[in-house]
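As C-alpha cells, the structure follows; a few thoughts come after it.
Throughout, a chain's letter reflects where its sequence line sits, starting with A, and its residues are numbered from 1. All of these numbers come straight from a predicted model, not from anything done at the bench.
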Amino acid sequence: MTYHYNEAFENPDYHYSETLEIDRSRERNSSFHQKLPESSLDDDSLYDSYEGRSGRGQRNQDYPMAIPMASMQPGFQYSHSASRSAGPNTNPYGNPHINPSFEYEPELAYTSPSTFHAVDGPYVRRSSDVSDGGNLNAEGECSSELPASSSQVAASDQKMVFVNFSRSSASIEEGSFSQRYNRRQADLVYRMPSSLLRLDSNAETYNEDKYKQEEKLIKNLASMSSRERVKAIQKTPKTMKEKRDIRNKVLMEKTKKSGSSSTQINCCTHCLYKTALSYRRFKNGLSEYLHLLQLWQKTLKVIRGKFGTSVLSYFVFLKWLLTFNIFSFLVNFSFITIPQLIASGPNNLSFNGLELLTGAGYFKKTVLYYGFYTNSTITKTENNSSYNMQLAYIFTIGIYFIICFFSLVYSMAKSFCKNFINLQTYSGSAAKLLCIWDFNITNEKAVKLKQSNLSTQIKESLSEVTLEVLNLSLKQKIARIAIHLVVWVASLGIAAACCAGVYFLSRNELQLLEGNKSELENEAATLVLPIVVSLLNLLIPFCFALFGLIEKFQYPRHQLYTTIIRNVCLKISIIGILCYYWLNDVATSEKECWESLVGQEIYRLIVIDFIFCLLGSFFGEFVRRIIGTKCCKKLGVPEFDIARNVLDLIYTQTLAWIGIFFAPLMPAMQIISFFIIFYVKKVSLMRNCQPPRKVWRASQMTTLFIFLLFFPSFTGVLSVMAVTIWRLTPSKQCGPFQGLTSIIHAVSGWIHILDSYSSSKWVVWIYRNLIGSVHFFFILTVIVLIITYLYWQIIEGRKIMVRLLHEQIINEGKDKMFLLNKLRALQTSKLDPPKGELQERSSSSYQPSRQAALQMTTSLERPFERNGRDFYAEV
Amino acid sequence: AIALPGLQAGVPLASLLWQALPRPSSALRRWDPGGGVRAVLALRAPLSRAAGITFPFSLSQELTFLTKQEILLAHKRFRELLSKEERESILQKRVPKSKILTLPELKANPFRDRICRVFSTSEDGDGSMSFEDFLDMLSVFSDSATSEIKSHYAFRIFDFDDDGTLDRKDLEKLVNCLTGEGDETRLSESEMDQLIQNILEESDIDKDGTINLSEFQHVISRSPDFASSFKIVL
C-alpha cells in the first residue's frame with residue numbers, strides 16, 4: 001500500500017492524464033529517453049532522485065524493501081515542509097499553487113469529485129474492502145487495458161480516474177489503520193508483474209506528461225512567426241540546454257511541415273535572402289559601433305557598483321540631456337551655421353578674454369548669435385541653387401522643437417506607462433522589501449552601508465507603524481496644517497521676492513547700459529545679474545531644505561515632493577520673469593539687435609550657472625566632507641542630493657532651449673558644460689559623498705523629472721518661442737529676419753511665392769488649410785479630447801475590473817482555505833485514532849494522517865513532487 | 001543551391017526573412033559570422049579545433065538576451081576563471097562556485113550563493129557553473145531581459161529551500177541577507193516577526209501563508225525599479 005500511496009503522491013497527474021497511453025509513450029520514449037538524463041542534470045530534484053531510485057529498484061527486484069523506503073522519501077520531505085509551514089497564521093498547504101491569474105483550473109475541477117470520494121464514505125469503504133485482492137485485480141485489468149486504451153479517449157480516462165482515486169483513497173485509509181500490513185501489501189504488489197509495469201509507467205507518465213507539455217509548447221512555437229518564436233524561447237525560464245533542445249525541435253517541426261519542396265529557391269527569394277542577410281550584417285556592424293559610441297559605460301558601471309541605481313539615475317539623466325544637446329547642435333550647426341560660415345566675412349573685433357564670461361564683445365560678430373546671420377539667400381555655386389537663410393533658420397529651429405516635443409512626449413509616456421501604471425493604493429511598503437535589493441552594487445563597503453541603511457529603515461518603519469496607530473488630536477492636526485500653510489506662504493513669498501528683485505535689477509541694468517561708461521566696465525556690469533540669479537538658485541534651495549526641518553511630514557516621500565515643487569516654482573518663476581523682461585523690455589527698447597542681447601544674457605546665465613555648479617560641488621561636497629570628517633564628526637560624509645542636482649540640470653536645459661533661437665550654437669556650450677559637470681560630479685561623488693540613505697525610487701523620480709522637463713520647462717520655452725515668432729518685431733538692422741514685421745512673415749511670404757508655381761500647390765494647400773487654419777486645429781482638438789475621454793473611461797472600467805478581480809482572488813483563497821479545513825476536519829473526525837497509537841505514529845516515520853491531508857492537497861492543487869526546476873518550468 | 005528550410009510560398013515575409021538569417025546549420029555556416037566580427041572568427045577557430053565543436057555564438061545570441069559583445073565579454077571573463085590547461089575546452093569545463101564568487105560582480109552580493117545555486121546545472125548541486133550556465137545568468141541579469149523572467153529568477157533566488165514558495169523561513173533568510181548578519185544591523189526576533197507578518201499581509205493574496213510565484217510577480221509589477229536594480233553587468 002505504501003507503494004500505492006506513493007504512486008498517487010508522486011504523480012497525481014497520473015489520475016487525470018493520459019496514463020493509459022503507455023504503448024505510445026513507449027515508442028516515443030525510445031527516442032525520447034535522452035531527455036531524461038538532461039533533466040536530471042538540472043538539480044538533485046525530488047522527482048529525479050525518486051525516479052533514479054525506483055529505476056534501480058526495478059532492476060534489483062529481489063530486494064523489495066528498497067522500494068518503499070526509497071519511494072517514501074519524497075513524501076517524507078514533503079511532510080517536513082508541511083510541518084514547517086504549519087505555524088500559526090499559515091496553513092499547512094505549503095505547496096506551490098501556481099496559477100497566476102487564479103483562473104478556474106480545469107484540472108482542479110476534474111479531480112475534485114474524486115477527491116471528495118476520499119472522505120465521502122460508502123464508496124470509499126467499498127473500494128477499501130476490495131482493495132486487498134481487488135486492487136491487484138484492478139491493476140491486472142488496468143494493464144490489460146493498456147494497449148487498447150491508447151486509442152480510447154476521455155470517457156475511459158475518466159473512469160480510470162475514479163478507479164485510481166478510490167484506490168488511492170483506500171490506500172490512505174488502510175495506511176492509517178495498519179502500517180505493517182501496508183508494507184506487506186506493498187511487497188505483494190511489488191512482486192506482481194503488473195505493478196512492475198505500473199512502476200515503469202509511473203516514470204513514463206511523468207515523462208510523457210513532460211513530453212506532452214513540451215510538445216504543446218513546440219507546436220505553439222512552431223506556429224509563431226520566427227521573430228516571436230525567438231522572443232518566446234528567450235523568455236522561457238529554462239537552462240540553455242533545454243532552450244536549445246526546444247529550438248531544435250521547433251525547427252525540426254517546421255522543416256517537417258514545410259516538407260522537401262522548399263529546398264528549391266527561385267531567384268526572387270534568393271535575392272530577398274541576400275538582402276536580409278546584408279541587412280542583418282549591417283545591423284550587427286552598426287550595433288557594434290553604437291556600442292563603442294556609448295559614452296561612459298565604464299564610469300557608469302563604477303558608479304552603479306558603488307552607489308546603486310539611485311545616484312546612477314542622475315548620471316543617466318545627464319547623459320540623456322547631453323545626447324539631446326548633441327543632436328540639436330548637429331542640426332543647428334549643419335543647417336544654419338555652415339551656410340552662414342560660407343557666406344560670412346571676416347571679424348575685425350578684438351578679443352580680450354572677458355568675453356568668455358560675458359559672451360559680448362568679440363562674440364557679437366560670430367555665428368554664436370542671431371544678429372550675425374544674414375537675411376539674404378546664399379549662392380555659392382554657378383547654377384541657380386541657392387540657400388534661403390530666413391527659411392533655413394525658422395525651419396531648422398521649428399523642426400528641432402517639434403522633434404524635441406515628440407521625443408519628450410514619447411519618453412514621458414513610456415516612462416509613465418512603465419512606472420505608474422501599477423501604482424495601487426493597497427500596496428504597502430513591507431512587500432517592497434522583496435525587491436529592494438540593488439544587485440548592481442558590487443562594492444563591498446557599499447553593500448555593508450546599504451545593509452545597515454536598510455536595517456535602520458526597516459526598524460524605523462516598524463516603529464512608525466506602531467506610532468501611526470496613535471491618532472493625532474484635533475489641536476495637533478490644526479497646528480500641523482497651520483505650519484504647512486505658513487511654510488508654503490513663506491516659500492512662495494521668497495520666490496516672489498526673488499522674482500521682483502531680479503526684475504528690477506535687470507531693468508536697472510538696461511538703463512546702466514545706456515549710460516556712458518567704458519566698454520569694459522559695461523561688460524563687467526552685465527555680469528551682476530547672472531551672478532545674482534545663480535546665487536539665488538544656489539541659496540534659496542538650502543532655505544527650503546531648512547523649512548523641511550520645521551515641517552514634520554508623515555512620509556519622507558511627501559517632504560521630497562514638496563521640496564521639489566518649491567524648487568521648481570522658484571527656478572521656473574525666475575526664468576519666467578527673465579523671459580518677461582526680455583520679451584517685454586529688451587525687445588521693445590529700440591536697441592540695436594535685441595535678439596543678440598538676449599542671446600548674450602542667456603550665455604552669461606549659463607556660464608555663471610556652470611561656474612556656480614562647480615563651486616557648489618566644491619563647497620557643498622568637498623568642504624562639507626572636510627568639515628564632516630575633521631571638525632564636526634556628527635555631520636559625517638555628505639549625501640549626494642539627487643533631486644537638487646537634477647533640478648539644476650533642468651534649469652540650465654530650459655535656458656539653453658530658450659537660447660537656441662537667439663544663439664543657435666547654445667547647444668555647443670551645453671555640451672561642453674555637461675561634459676565637465678559629468679566628470680566633476682563623478683570625482684566629487686567618488687571622493688566626498690556617500691549614497692543617499694533613504695530609498696530613492698529611481699524610475700518614478702526619473703519619470704517625474706522628465707515630466708518636469710516637459711511641463712513647466714519645455715512648454716514654457718514653446719510659449720516664449722511662439723510669442724517671439726508671432727508677436728514680436730525683429731530688429732531692423734541685423735539678423736535673418738531684418739525688415740519683417742514679424743518673424744512668421746518669412747514663412748507666409750515664402751508661401752506666397754510658392755503660390756505662383758503650379759507644382760508646389762500642395763504645400764500651399766497644406767499651409768492654408770491645415771497649419772494656418774483655425775478650423776483644423778479646432779477639429780483636431782475636439783478629436784483628441786474625445787479620444788482622451790474614451791481612454792479615460794476605459795481606464796475607469798479597468799480599475800473597477802481590477803478591484804473586482806482582486807476581491808475575487810481573496811474570496812477564492814478563502815474558499816480554498818474553508819474547503820481544505822473542512823476536509824481536514826472531516827478526516828480527523830473519521831480517523832480519530834486512540835491516543836497511544838497517535839504517539840506511536842508521531843514517533844514513527846510514517847505519518848498517515850498527515851499524509852492523508854497531503855494527499856488532499858496534492859489532488860486539489862498542483863502536484864508537489866516536481867522539484868524546483870520542473871515546477872518552475874511549467875509556469 | 002542553398003538549402004533553406006521553411007522557404008515556401010505560404011510562409012509570411014517576416015518569417016521568411018528571419019529564416020534567412022544565419023544560424024549554425026551546416027548549409028548556412030559560412031554566413032554565420034555576421035557583421036565582420038573578426039574577433040568571433042578568431043575566437044571560434046581555436047575553440048572548434050580544441051573542443052571539436054563550433055561555439056554557437058549566434059545560437060547563444062538567439063537563446064539569450066545578450067548581444068554579441070556581451071557574449072564575447074562573458075567568454076573572456078569566463079576564460080580568465082579557468083586555468084591555462086582548461087581554457088582549451090571551455091565549453092565542457094565547470095568552474096567551481098568558489099571561483100565564480102571571486103568575480104567582483106558577485107563577490108559582495110549577499111545573494112551570491114543562491115545565484116550560483118539557481119543557475120548552476122551541476123548534478124551534485126555544488127553550484128559550479130559551465131559557460132552556458134554563466135551565459136544564462138548574465139542573460140537574466142542583463143539589461144534587455146524582460147521583467148517577467150527577472151522576477152521569475154528573483155523568486156528562485158529568494159526561495160532558499162527550493163520548495164517553490166517563499167514561506168516564513170525563506171523570508172527570514174531574505175531579510176537577513178538584506179540587513180546583513182552583523183549584530184547591530186540584524187533585526188530582533190519580534191521585529192522580524194512583525195516584518196514578515198507585514199510582508200505576508202501585503203503580498204500573500206490568497207492567504208495561504210506563503211508567497212508563491214504569481215504573488216511575487218504581482219509585488220514586483222508594482223515596483224518599477226526592480227528591472228533596473230535586478231541587474232548585473234560584466
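In this structure, the portion of I149(B) lying under 4.5 Å from any heavy atom of chain A is its side chain and not its backbone. If you measure heavy-atom distances from N443(A) to chain B, the contacts under 4.5 Å come from the backbone alone. Using a 4.5 Å cut-off between heavy atoms, Q69(B) contacts chain A through its side chain alone, with no backbone atom that close. Only the side chain of L174(B) comes within contact range of chain A, judged by heavy atoms closer than 4.5 Å. Interface residue I458(A): only side-chain heavy atoms are found under 4.5 Å from chain B. Residue contact with chain A, scored on non-hydrogen atoms closer than 4.5 Å, is absent for L106(B). Heavy atoms of I436(A) lying under 4.5 Å from chain B belong exclusively to its side chain. Interface remark: S452(A) contributes backbone and side-chain atoms alike to the contact with chain B (heavy atom separation under 4.5 Å). For a residue to count as touching a neighbouring chain, one of its non-hydrogen atoms must lie under 4.5 Å from one of that chain's; by this rule K243(A) touches chain B with backbone and side chain alike. Proximity to chain A is absent for every atom of L103(B), based on heavy atoms less than 4.5 angstrom apart.
Stacking of R114(B) on the aromatic ring of F158(B) is not recorded, the 6.0 Å distance cut-off and the 45° axial limit not both being met.
None of E191(B), R186(B), M192(B) except one satisfies the side-chain contact (heavy atoms from CB on, under 4.5 Å) rule with S188(B); the exception is E191(B).
The candidate from F141(B), F111(B), F226(B) with the greatest count of non-hydrogen atom pairs under 4.5 Å with chain A is F111(B). With chain A as partner, the option from I199(B), L178(B), I196(B) having the largest number of non-hydrogen pairs under 4.5 angstrom is L178(B). Per-residue counts of heavy-atom pairs under 4.5 Å with chain A were compared for A154(B), S228(B), S203(B); the largest is that of S228(B).
Here R112(B) does not pair with E105(B) in a salt bridge; the nearest charged N to carboxylate O distance is not below 4.0 Å. For R94(B) and D133(B), the salt-bridge test passes: some basic side-chain N is under 4.0 Å from an acidic carboxylate O.
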Check against salt bridge (charged side-chain N to carboxylate O under 4.0 Å, His left out), K231(B) and D143(B): CA-CA 7 Å; K231(B) 200 157 77 178; D143(B) 230 346; 3.0 Å; yes

Q217(B) vs S214(B), side-chain hydrogen bond (donor to acceptor under 3.5 Å, both in side chains): CA-CA, chis, key distance, verdict: CA-CA 5 Å; Q217(B) 282 177 331; S214(B) 50; over 6 Å; no

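Judged by distance alone, the side chains of D438(A) and T309(A) do bring a donor and an acceptor atom under 3.5 Å apart.
The aromatic ring centroids of F119(B) and Y153(B) lie less than 6.0 Å from each other.
Considering every non-hydrogen atom in both L138(B) and A74(B), the closest pair reads CD1-CB, 3.4 Å.
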